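Below you'll find the structure, written out as structure tokens, and then a few comments.
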Amino acid sequence: MPFFIEVILPLALPKPFTYAINEVEFNFIQLGMRVGVPFGRSKVYTAIVIGLHQNPPQLYEAKEIHQILDDTPIVTEAQLKHWHWIANYYMCAIGDVYKSAMPSGYLLESETIITPKKEYTQQEDLTDDEYLIYDALRKQSSIKIQEIAAILNKKTVLPTINKLLEKNVITLQEEISEKYKPKTVRYVRLQSEFLAQDKLSELLEILSRAQKQREAVLSYFQLNAVEKKPITVKKLTETSGVSPAAIKALIDKNIFEEYTLEEDRVQFTGSNNAGFTLSYKQEEAFAEVKKSFENHQVTLLHGVTSSGKTELYIKLIEECINKGQQALYLLPEIALTTQLVVRLTAYFGNQVAVFHSKYSNNERIETWQQVLQSSDKAKVIIGARSALFLPFQNLGLIVIDEEHEQTFKQQDPAPRYHARDAAIILASYFKAKVLLGSATPSIESYYNATHNKYGYVQMKERYGNVTPPEIVLVDLKDKYKRKRMTGHFSDELTEAIAETLSLGKQVILFQNRRGFSPWLECMTCGHVPQCPQCDVSLTYYKYKNQLRCHYCGYNMAKPTHCHQCHSADLSTKGFGTEQIELELKELFPDKNSWRMDQDTTRGKYGYEKIIDAFKNKEVDILVGTQMLAKGLHFDNVSLVGILNADNMLYQPDFRAFERAYQMMVQVSGRAGRKDTRGKVLIQTYNPLHNIIRQVTDNDYEGMYKEQVYERHNFKYPPFYKLVKLTLKHKDYEKLKDGAMWLYNVLLQNMNVPVLGPEEPGISKIRNQYIRTIMIKIPSGSSLATNKSIIYKIITSFDAIPQYRVIRVSVNVDPY
Ligand code: ADP
Ligand code: ZN
Ligand code: ZN
């Protein structure tokens, strides 16, 4: 009887594949283990086993696997089920889910390894290059293909390798090598013969001519007496001031003995102190949430900023951990983890683990292992959306903080999943509870809460009953008319900043655009420099004197003359954070202002540096984009300024108003925490706009009612599910034809509104033209049926030779 496994490959393939194994392997392999399998020409991929059986595939002959990579499963059955749900719901390949769910260190691809043929002896037939490789192979048993380039000192190595193959000198094979390496730490100890008391003077005598080594030995004894724990090489060099070379000499002389131990890369040394008690209002809400969990899997906690939602989460997590379960805490933004980790480790110590994309591969693999083993080191996992993919064993609670944030939705590449919605599904497998928290819930979640699909708990007061900030509108039209503007600052804003700073308080300024100005315009002919690869104008960066594309990274030095008419009269239009920062330096030359946006927060500790400096009051004014709106806590901020509310309002998107409301309320929430009442200044050309009024009146209900009415009228969620198809190709005409074909076929075969094909606001990115088609599925109509029709139509589209080259991506619940 033959034996087979079903595997998922980390590729965008529609189906799992079948491979042949033998009986011993059949008895050894378990679901969720990794195997190396050949696929395509000669490559070996890391696949995940999702089935074991004895039915040969119908359409192809099953290849044999290359190797088994794990002794025990590293992916759980709940995860496999979840991946299938995601692939199904978000209409993507299961391989796409697999690929994005695993730390890439687990998804190794093969390397080509060269090994010598033993029987070869005619070395005189070899050219110089060939001989170099042959010679290298006599000294080591195998060489990686990349290493050949170094040996030959040239880039093109394949011709030489081919010759060696022809001459029967070498063989090639594909191998997967494990990239994860545990972190090891070097320790030293005294060789046992020197341990006895009276040996010390003897030892110092031996070393009387080696002063440095003598000092190292003395330091070793001191450390040993004080610390009574193993001594690392690092510690010894630091305390003795002796070079590593001297320590190595002692090891070579057999006086010290070196040994290594494995260590976790990330460790927290929090203590279980940081106790706090819930206020009366919080205690009430806490009880309500627990009550709500009795008959709702999901509960929405609608609490104003600074009401102490985090404290509530901590108490819930504590109960969860005490039951021996794991808790997951999802954040919309990596920037927020540092602050939260500080708060949670103060409470839970080393039971907290962190998982997000700025962590290294090795760190992520360690967290993966800890979660899989349900280790005490990973009882609470904090992370951005990808933490959802960890191999939970006994999940009890998922907290989704700032649930309204759009960053929970992955845009590109597939799987285009929404972490909040996918988390709710994951929780249901474990019968775990989900708490969604926000001061400005998404329309969808609030709708679900008011329709009893979710539970609902409200917290209306700030902790300590701090008064909510006073919100003041500044009419820009009027200010410009009366010449009360300096750059982009109204006199009111400038005065408020000056006053706040004079009281030793800090200021946050919000401008939802980065760079100096979003475009450069020729004042003679009106020409605006565009990205040559995208349909967008280039953003001007003054400090670097550059024009940059925010979509593809294209950049050029700022031109001195218009490329169209050669006029030198070029002017910058609009403004971004860089310009505000520069204006601040003029207005407040002796104050320290910093900028926080995508341009200043690159690198692993990019955010931390800025947040820490601001927290420590080294910075007086922080200017930033929406990054600032996401739940950062600064106790000393009493003024928030929004430089221009209008560019948030006028976006071609059905969520624009909702988002503008959320953004403004959230940034306002940064003002006046703890003891002082904060102030918010909103500069706008439209002080009478409904959204602006709802922000000033703190009228979430009003905003919700208005938006939900619009959504109903114009067929948007939660009344209709949206499926957006995006087509891309570099040939404009071909794309236009293809999009039309697809649109027509969808229209003819579907009983629901199909809109398009539309040329989006930005109709070309990286030389690819773009068209979109929107399908609106009413909540009464079967989602599954409609999706399968869409899937079939896309499949037939892909089968048409002239359209096959057009890339179609599907986005379910697009944001
Ligand atoms: P939210 O997450 O709702 O915006 P936080 O949980 O950050 O609010 O609380 C706001 C501030 O009030 C924080 O500085 C927090 O430490 C403090 N705070 C809230 N509840 C308590 C409590 N029960 N005891 C002590 N401090 C609290
Ligand atoms: Zn011009
Ligand atoms: Zn571009």
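If you're wondering where the values come from, they're calculated on a predicted model, not measured in any experiment. Atoms within each ligand, like the ligands themselves, are counted from 1 in listed order.
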So, are Glu759 and Arg771 salt-bridged, with charged N and O less than 4.0 Å apart?
yes
Hey, is ligand 1 close enough to Phe276 that some N/O pair sits below 3.5 Å?
no
Begin from the C-alpha positions of Phe516 and Phe575 and carry the test ring pair (Phe, Tyr, Trp, His ring centres under 6.0 Å) through to its verdict.
CA-CA 6 Å; Phe516 183 84; Phe575 64 104; 9.7 Å; no
Would you say Gly303 contacts ligand 1, with heavy atoms under 4.0 Å as the rule?
no
side-chain hydrogen bond (donor to acceptor under 3.5 Å, both in side chains) between Gln768 and Arg766, worked out:
CA-CA 5 Å; Gln768 302 271 319; Arg766 293 175 196 270; over 6 Å; no
Under 4.0 Å between a Lys/Arg side-chain N and an Asp/Glu carboxylate O for Lys323 and Glu319?
no
salt_bridge(Arg343, Glu311) N-O dist < 4.0 Å
yes
Are Glu288 and Lys291 close enough for a salt bridge, meaning some N to O gap below 4.0 Å?
no
Given that the side chain starts at C-beta and the backbone is N, CA, C, O, which of these parts of Arg462 lies under 4.0 Å from ligand 1, counting heavy atoms, or is it both or neither?
neither
Salt-bridge criterion met for Asp653 and Arg659 (N-O under 4.0 Å)
yes
Working for ring pair (Phe, Tyr, Trp, His ring centres under 6.0 Å), residues Tyr454 and Tyr446
CA-CA 9 Å; Tyr454 298 165; Tyr446 195 74; over 10 Å; no
Answer with side chain, backbone, both or neither: which part of Thr277 has a heavy atom less than 4.0 angstrom from an atom of ligand 1?
backbone
State whether the number of non-hydrogen atoms from other residues, nucleotides or ligands found under 6.0 Å of Gln458 atom CD is greater than 12.
yes
Determine, using heavy atoms of Val304 and all atoms of ligand 1, whether some pair is separated by less than 4.0 Å.
yes
Between Met459 and ligand 1, find which residue part has any heavy-atom pair under 4.0 Å and reply side chain, backbone, both or neither.
neither
Which residues pass the ring-ring contact (aromatic ring centres under 6.0 Å, His included) test with Tyr447, not counting sequence neighbours?
His451, Phe719
With atoms numbered from 1 as shown, which atoms in ligand 1 lie under 4.0 angstrom from a non-hydrogen atom of Thr305?
4 (O)
Is the NZ or CZ atom of Lys379 positioned over Phe348's six-membered ring, under 6.0 angstrom from the centre and within 45° of the axis?
no
So, Cys534 and the Zn ion (ligand 3): N/O/S under 2.8 Å, yes or no?
yes
Angular separation of SG (Cys552) and SG (Cys531) seen from the Zn ion (ligand 3), to 10°:
110°
Keeping waters out of it, list the protein N, O or S atoms under 2.8 Å from the Zn ion (ligand 2).
Cys522 SG, Cys525 SG, Cys562 SG, Cys565 SG
Does any N/O atom on Thr310 come nearer than 3.5 Å to any N/O atom on ligand 1?
yes
Whether Arg655 and Glu444 form a salt bridge (side-chain N of Lys/Arg under 4.0 Å from carboxylate O of Asp/Glu) is what I want to check.
yes
Gly308: numbered ligand 1 atoms lying under 4.0 Å from its heavy atoms
1 (P), 3 (O), 5 (P), 6 (O), 8 (O), 9 (O), 19 (C)
Which atoms of ligand 1 are found less than 4.0 Å from any heavy atom of Leu278?
23 (N)
